[in-house]
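Accompanying notes for the structure given below.
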Amino acid sequence: MRLPDRQYQFAAAYSLAASALGIFFLHPVPPRYMDIYLVGIMFSTLRWSWRPAAVIFVISITVANWVLPVYSSAATSGQANAYRMLSYSVTCAIAVEIIRRAKRKHR
């Protein structure tokens, strides 16, 4: 059995650590909590490619939608949460694309 590549191991470990931070240590969860994942997304894109960044992104959206609202004391409306997820997704996509273009130009 072949182990996953180092980039995917990093993505899983980073996502797990960021999720644990939000679930166990931050009460209430701050509104800009997703920025912790964004740092990992940008780093993995810069270091490897968009693929491990996509792993972090999918895990972050999952945690934000199903786990964090349970632990957050400041309940948000459905529209506010949808806007937050949409703006986070667009920010991630733009950051990944900027880093990809910069890497391509640098080579």
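In this chain, residues are counted from 1 in sequence order.
Placement of Trp50 and Val90 in two distinct hydrophobic clusters is found when ILVMFWY residues are connected by side-chain heavy-atom separations under 4.5 Å, directly or transitively. Residues Phe25 and Val63 share a hydrophobic cluster, clusters being chains of Ile/Leu/Val/Met/Phe/Trp/Tyr side chains in contact below 4.5 Å. Linking ILVMFWY side-chain heavy atoms closer than 4.5 Å, directly or via other members, places Leu21 and Phe57 in a single hydrophobic cluster. In the hydrophobic clustering of ILVMFWY residues, with side-chain heavy atoms under 4.5 Å counting as a link, Ile59 and Leu16 come out apart. Hydrophobic clustering of Ile, Leu, Val, Met, Phe, Trp and Tyr side chains at less than 4.5 Å, counting indirect connections, keeps Leu46 apart from Ile98.
Of the N and O atoms on the side chains of Tyr14 and Ser44, not one donor lies less than 3.5 Å from an acceptor on the other residue.
Using modelled atom types, one side-chain atom of Lys103 and one backbone atom of Thr45 make a donor-acceptor pair closer than 3.5 Å. Looking at Ser15, its side chain never comes within 3.5 Å of a backbone N or O of Ala12 through a donor-acceptor pair.
Here CD1 of Ile56 is found 10.5 Å from OG of Ser19. Values are rounded to the nearest 0.5 Å. Going from atom CE of Met34 over to atom OG1 of Thr91 covers 10.5 Å, rounded to the nearest 0.5 Å. The line from CZ of Arg84 to CG of Leu86 is 12.5 Å long, rounded to the nearest 0.5 Å. Of the inter-residue distances, the one linking Ile41 atom CD1 with Ser60 atom OG reads 5.0 Å to the nearest 0.5 angstrom.
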Subject >> Worked check of side chain to side chain contact (heavy atoms under 4.5 Å, CB included) between Arg51 and Tyr8 >> reply: CA-CA 8 Å; Arg51 288 176 183 89; Tyr8 297 109; 3.2 Å; yes

**OP:** Please lay out, stage by stage, how Asp5 and Trp48 fare under the test side chain to side chain contact (heavy atoms under 4.5 Å, CB included).
**Re:** CA-CA 11 Å; Asp5 293 337; Trp48 294 290; over 6 Å; no

**OP:** Any chance you could lay out the side chain to side chain contact (heavy atoms under 4.5 Å, CB included) test for Tyr37 and Cys92, step after step, and finish with the verdict?
**Re:** CA-CA 9 Å; Tyr37 291 106; Cys92 289; over 6 Å; no

